[in-house]
Amino acid sequence: MVLYWTVWIIVRTFARLLFRLRISGHGHIPQSGGVLIAANHASYLDIPILGCALPRRASFIGRMDLFAGIVGGILRYLGWIPIRRGQVDRKAFDEAVRRLKAGQLVVIYPEGSRTEDGQLQPGKPGIGMMAATAGCPVVPALLEGTYEALPPGAKWIRFRPIRVAFGEPMDFSAMLESNESEDTKKFAYQQISQEIMDRIAELRQQASSHPNPLREKEGKATGISS
């Protein structure tokens, strides 16, 4: 616990200094109980940035092949849930659901992989199945600026403004109560995933419709206006 919050403080401090991190909507995150955070995925920066933006300790579901050895062991200690890509990883799924039912906060990226062009991708049905099994609320989250700071394939980090926005909790319990057949459940899982991605898209639209004081400040300083 001490190690987690020590890392949290360090990452958040650097995020504010280097990326001028701004956070909005954190009041939408329930203070207790199991919560599934669903965020868009554009960069390797998404995990540390989102982690330091959350007011509660979080467990992240991430690819098993990303980290190994000592680093992987440390990440598991901090709460990382490794998952195998390209197949149904029942062990990782059950562990995530167990933590949610135990009242913990778990982060998942519904798209499954990083976007190659910065645009939102369709969500996978796994998040719908997880939300239904755990019976917990889902909080959509938008990460804006991580793609510009470290897009896929980039070798160097660029210090661009980053913003994290959380939306209101989504409750899918009513949708799932009447679903009995496996085909109907599968359709419901995909529908839940799509609704979550739609909500993340709305958060992006809301962000683009409001002036960005950081960009305005940059424009004035360089004599460039948008």
Spatial distance of atom [atom1] ([X]) from atom [atom2] ([Y]) [nearest 0.5 Å]:
X: Asp46; Y: Leu143; atom1: CG; atom2: CG; answer: 4.5 Å
X: Ile162; Y: Leu45; atom1: CD1; atom2: CG; answer: 5.5 Å
X: Leu100; Y: Cys136; atom1: CG; atom2: SG; answer: 4.5 Å
X: Lys101; Y: Asp94; atom1: NZ; atom2: CG; answer: 9.5 Å
X: Met129; Y: Lys185; atom1: CE; atom2: NZ; answer: 8.5 Å
X: Phe19; Y: Glu148; atom1: CZ; atom2: CD; answer: 12.0 Å

Looking only at atom types and distance, does a side-chain atom of [X] sit under 3.5 Å from a main-chain N or O of [Y], one as donor and one as acceptor?
X: Ser43; Y: Leu150; result: yes
X: Gln194; Y: Pro122; result: no
X: Arg56; Y: Pro30; result: yes
X: Asp89; Y: Arg84; result: yes
X: Trp80; Y: Ser59; result: no
X: Trp8; Y: Leu54; result: yes
X: Glu144; Y: Leu203; result: no

Given Lys186 and Gln190, is the side chain to side chain contact (heavy atoms under 4.5 Å, CB included) satisfied, shown in steps? CA-CA 6 Å; Lys186 289 180 180 179; Gln190 186 61 60; over 6 Å; no
Looking at every heavy atom in both [X] and [Y], which two are closest together, and how far apart are they?
X: Gly118; Y: Arg204; value: O-NH1, 3.3 Å
X: Gly145; Y: Arg160; value: O-CB, 4.5 Å
X: Pro55; Y: Ile29; value: CD-CD1, 3.7 Å
X: Val107; Y: Ala58; value: CG2-CB, 4.0 Å

Test item: side-chain donor near acceptor, Tyr44 and Arg114, under 3.5 Å: yes
side-chain contact (heavy atoms from CB on, under 4.5 Å) partner of Met170, chosen from Leu36, Ile196, Ile192, Val139: Ile196
Take atom OH in Tyr4; do more than 12 heavy atoms of anything else shown fall under 6.0 Å from it? yes
Count the heavy atoms of every other residue, nucleotide or ligand shown that sit under 6.0 Å from NE2 of His28, and state whether that count exceeds 12. yes
Mind checking whether [X] and [Y] have side chains closer than 4.5 Å, heavy atoms only?
X: Met197; Y: Pro110; answer: yes
X: Glu195; Y: Phe172; answer: yes
X: Asp117; Y: Thr115; answer: yes
X: Phe14; Y: Cys52; answer: no
X: Pro137; Y: Asp171; answer: no
X: His41; Y: Ser113; answer: no
X: Phe93; Y: Met130; answer: yes
X: Lys124; Y: Glu111; answer: no

Are [Y] and [X] connected in a single hydrophobic cluster, I mean Ile/Leu/Val/Met/Phe/Trp/Tyr linked by side-chain heavy atoms less than 4.5 Å apart?
X: Ile47; Y: Ile10; value: yes
X: Tyr189; Y: Val138; value: yes
X: Leu17; Y: Leu21; value: no
X: Ile49; Y: Phe159; value: yes
X: Val106; Y: Leu142; value: yes

As a quick check of understanding, evaluate side chain to side chain contact (heavy atoms under 4.5 Å, CB included) for Asn40 and Tyr109, giving each step before the final call. CA-CA 6 Å; Asn40 61 304; Tyr109 297 100; over 6 Å; no
By side chain to side chain contact (heavy atoms under 4.5 Å, CB included) - contacts of Ala53 (at least two apart): Ile23, Val164, Phe166
Steps toward side chain to side chain contact (heavy atoms under 4.5 Å, CB included) verdict (Ile108, Ile37): CA-CA 6 Å; Ile108 188 172; Ile37 303 291; over 6 Å; no
Run the numbers on Leu18 and Ile157 for side chain to side chain contact (heavy atoms under 4.5 Å, CB included), then give the verdict. CA-CA 10 Å; Leu18 301 178; Ile157 294 176; over 6 Å; no
What I want to find out is whether Arg99 reaches Glu95 closely enough, with some N-O distance under 4.0 Å, to be called a salt bridge. yes
